[in-house]
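Can you keep this structure in mind? I'll have questions shortly.
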Amino acid sequence: MDNNLVIYNSLTRKKEQFTSIIPGHVGMYVCGPTVYGDPHLGHARPAITFDILYRYLNHLGYKVRYVRNITDVGHLEADSDDGEDKIEKKARLEKLEPMEVVQYYTDRYHNFMDKLNVKKPSIEPRASGHIIEQLQIVDKIMEAGYAYESEGSVYFDVVKYNEKYNYGELSGRVLDDLLNTTRELDGQTEKRHSVDFALWKKASPEHIMRWPSKYSEGFPGWHLECSAMSTKYLGEQFDIHGGGMDLLFPHHECEIAQSTVANGKKPVRYWMHNNMITINGQKMGKSLGNFITLEEFFTGSHKLLDRAYSPMTIRFFILQAHYRSTVDFSNEALQAAEKGYRRLMDGLKTLEKVKPGKESGFNVDEWSNKCYEAMNDDLNSPVLIAHLFEGVKHINNMAAGKSSLNEEDLEKFRKSIEMFSYDILGLIDEEDTSGAGNTVLNEVVDLLLKLRLEAKANKDWATADQIRDELQKLGFVIKDTKDGSEWELK
RNA sequence: GGUUCCGUGGCCGAGUGGCUAGGCAGUGGUCUGCAAAACCACGUACAGCGGUUCGAAUCCGCUCGGAACCUCCA
């Protein structure tokens, strides 16, 4: 399939022309959330980043199978010696069934992703639903001789793997350095080397999330689920694997090792990693406790927030930075994003009313091509947005009668700018009040404004201003135009 | 300590050898009964110091500052 899409491949640390393994089809896997807590701003970034990629690939004509997992088992608590499962710990704290916790936060995650207008993936597999597949991979790796059993647990032999393959090819690590610098952790006696990682962990007696296997009653290791589920749904080799940069090592490095041994080939063509969202220059994250949940953003209920910010403001804020750059959170930046977002939406609204002229004052194809170039250049959404603002300038000029497009160009331009704004960037006009159910309200406001127009015609400024002021108090924004006035409800 | 990355005008944020994105804020103006909105004009910024080059924010070196990963993390 023809395209000019270039994406930055973390594996080669270069921008590369994108070509899919099977022409016309793309397999894409993105690491989803671990559902033991409320989604925060950091979760929004990969969801939105890869949502853009998904939308754009679809737009280019690819049939995309987009798999984004839900991690509901398997990750060990950072400083717990007994290997207690995160989900389980939270469950005990809240006296809920582990799967109840999983369900609750999964629903929350879905709900907030919907608000952010993130498209649902094609498949959203759960780790707990793929224990058999994970165990099959453990067996394969055992048979290949790259894993060993130790007291009911199974570990991947990184040192042996590195003799034939390159452990560290993705993250740029050197095994010898890792062996020297990795600090000693408890429970490491079972492992031959500090760098070895668990494929299967034997459950301690109090561990309730457990599954039977020939090794022990236990649960799958840290990194296995992604290898299992990506292989199952996308095949042994697929096109794109995405996730946050913090997953690059060790998670994705281990994934490569596992899949390479299990399937005998490199699993992924293009690795893509989004950067972190920072707060006061530091990563926003669970471990630092400095995260702000999406709910807190939408309601304004966090001490660092001046006020609430809408889902589309958050989306626009994230898209105004390139996905591989860090983006620093601040109220000022968010408010600037909100205004910019409104400017774009208002421009699109104005465009609906623009009438075609005889001449075309600017080259629509040229403009459209620049938009494509921005997207093709490793999804450069900030540059695309800059072009969209240029489009808004054209729109405003046309509305002011200072420029125009002929009928054909106007239609082309409208389609193009709406496509980039709504379909590719996934923006929605949150202030769209013209929906059903508002008919009566619309007519009432229109009536009041008609009265005001009459008052204005009679130079009865007192009445005219009274109507405007009272409406403004109720939250309406009144904009006078040359043939009347427009309004919207804030 | 190791590996990697970054430091751009008041703020956010693109660019990455010559053609000086964009948004927000600010100032002046046009329009308007006033206002809002819109439009027009205005800011020569690239951490510091050297070097390469006809020419560097962009390449190289050093210095300073910051971050990420090395441990669960989006």
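Labels below follow one simple rule: chain letters A, B, ... track the order of the sequence lines, proteins then strands, and each chain is numbered from 1.
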Output yes when at least one side-chain N/O atom of A/Lys370 is less than 4.0 Å from OP1 or OP2 of B/rA21, else no.
no

Within the structure shown, what part of the strands sits under 4.0 Å from A/Asn380 by heavy-atom distance: base, sugar-phosphate, or nothing?
sugar-phosphate

Annotated protein contacts, base or backbone, on nucleotides 31-38 of chain B with a non-hydrogen cut-off under 4.0 Å, one of B, S, - each
--BBBBSS

Would you say a side-chain N or O of A/Lys339 is under 4.0 Å from OP1 or OP2 of B/rA25?
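For B/rA25, OP1/OP2 do have a side-chain N/O of A/Lys339 under 4.0 Å.
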
Which atoms form the tightest heavy-atom contact between A/Met375 and A/Leu5, and what is the distance?
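Heavy atoms only, the tightest pair is O-CD1, 3.7 Å.
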
Checking all strands, does A/Leu344 fall into the base, sugar-phosphate, or nothing category for heavy-atom contacts under 4.0 angstrom?
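Nothing, no nucleic acid heavy atom in range.
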
Does B/rC31 have a Watson-Crick or wobble partner in any strand here, with both distances under 3.5 angstrom, and which is it?
none

Please determine whether a side-chain nitrogen or oxygen atom of A/Thr326 lies at a distance below 4.0 Å from atom OP1 or OP2 of B/rA68.
no

Taking the ring of A/Tyr270 and the ring of A/Phe238, is the distance between their centroids below 6.0 Å?
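Ring centres of A/Tyr270 and A/Phe238 not closer than 6.0 Å.
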
Using the six-membered ring of A/Tyr36, assess whether NZ or CZ of A/Lys286 lies under 6.0 Å from its centre and within 45 degrees of the ring axis.
yes

Partners meeting salt bridge (Lys or Arg N to Asp or Glu O under 4.0 Å) with A/Glu332 (sequence neighbours left out)
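Residues passing salt bridge (Lys or Arg N to Asp or Glu O under 4.0 Å) with A/Glu332: none at all.
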
How far, in whole Å, is B/rC12 from B/rC54 if one measures between their C1' atoms?
36 Å

With both distances under 3.5 angstrom, what nucleotide forms a Watson-Crick or G-U wobble pair with B/rC11?
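Per the H-bond distance test, B/rG23.
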
Would you mind telling me which of B/rA74, B/rC70, B/rG23 lies closest to the side-chain atoms of A/Phe249?
B/rC70

For B/rC69, give its Watson-Crick or G-U wobble partner with both distances under 3.5 Å, or none.
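B/rG2 - that is the nucleotide pairing with B/rC69, both distances being under 3.5 Å.
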
Would you please indicate if the ring centroids of A/Phe317 and A/Tyr309 are separated by under 6.0 Å?
no

Can you check whether A/Ser171 has a side-chain N or O nearer than 4.0 Å to OP1 or OP2 of B/rU3?
no

Distance between P atoms of B/rC49 and B/rU58 (Å, rounded):
12 Å

List the protein contact pattern of nucleotides 42-48 of chain B with one symbol per nucleotide (5' to 3'): B for base contact, S for sugar-phosphate-only contact, - for none; contact means a heavy-atom distance under 4.0 Å.
-------

If we take the P atom in both B/rG33 and B/rC24, what is their distance in whole Å?
27 Å

B/rU16 and B/rC60, which share atom name C1', separated by this distance in whole Å:
15 Å

Whom does B/rA47 pair with, Watson-Crick or G-U wobble, provided both distances fall under 3.5 Å?
B/rU63

Under 4.0 Å, counting only non-hydrogen atoms across every strand here, what does A/Ser330 touch: a base, just sugar-phosphate, or nothing?
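The residue A/Ser330 makes no contact with any strand.
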
Which value, in whole Å, describes the distance between the P atoms of nucleotides B/rU44 and B/rG22?
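Taking atom P in both B/rU44 and B/rG22, they lie 15 Å apart.
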
What is the nucleic acid contact for A/Val327, judged by heavy atoms within less than 4.0 Å: base, sugar-phosphate only, or nothing?
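Sugar-phosphate, backbone atoms only, no base.
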
Taking the six-membered ring for Trp, are A/Trp367 and A/His387 closer than 6.0 Å centroid to centroid?
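No, the ring of A/Trp367 stays outside the 6.0 Å limit from the ring of A/His387, centre to centre.
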
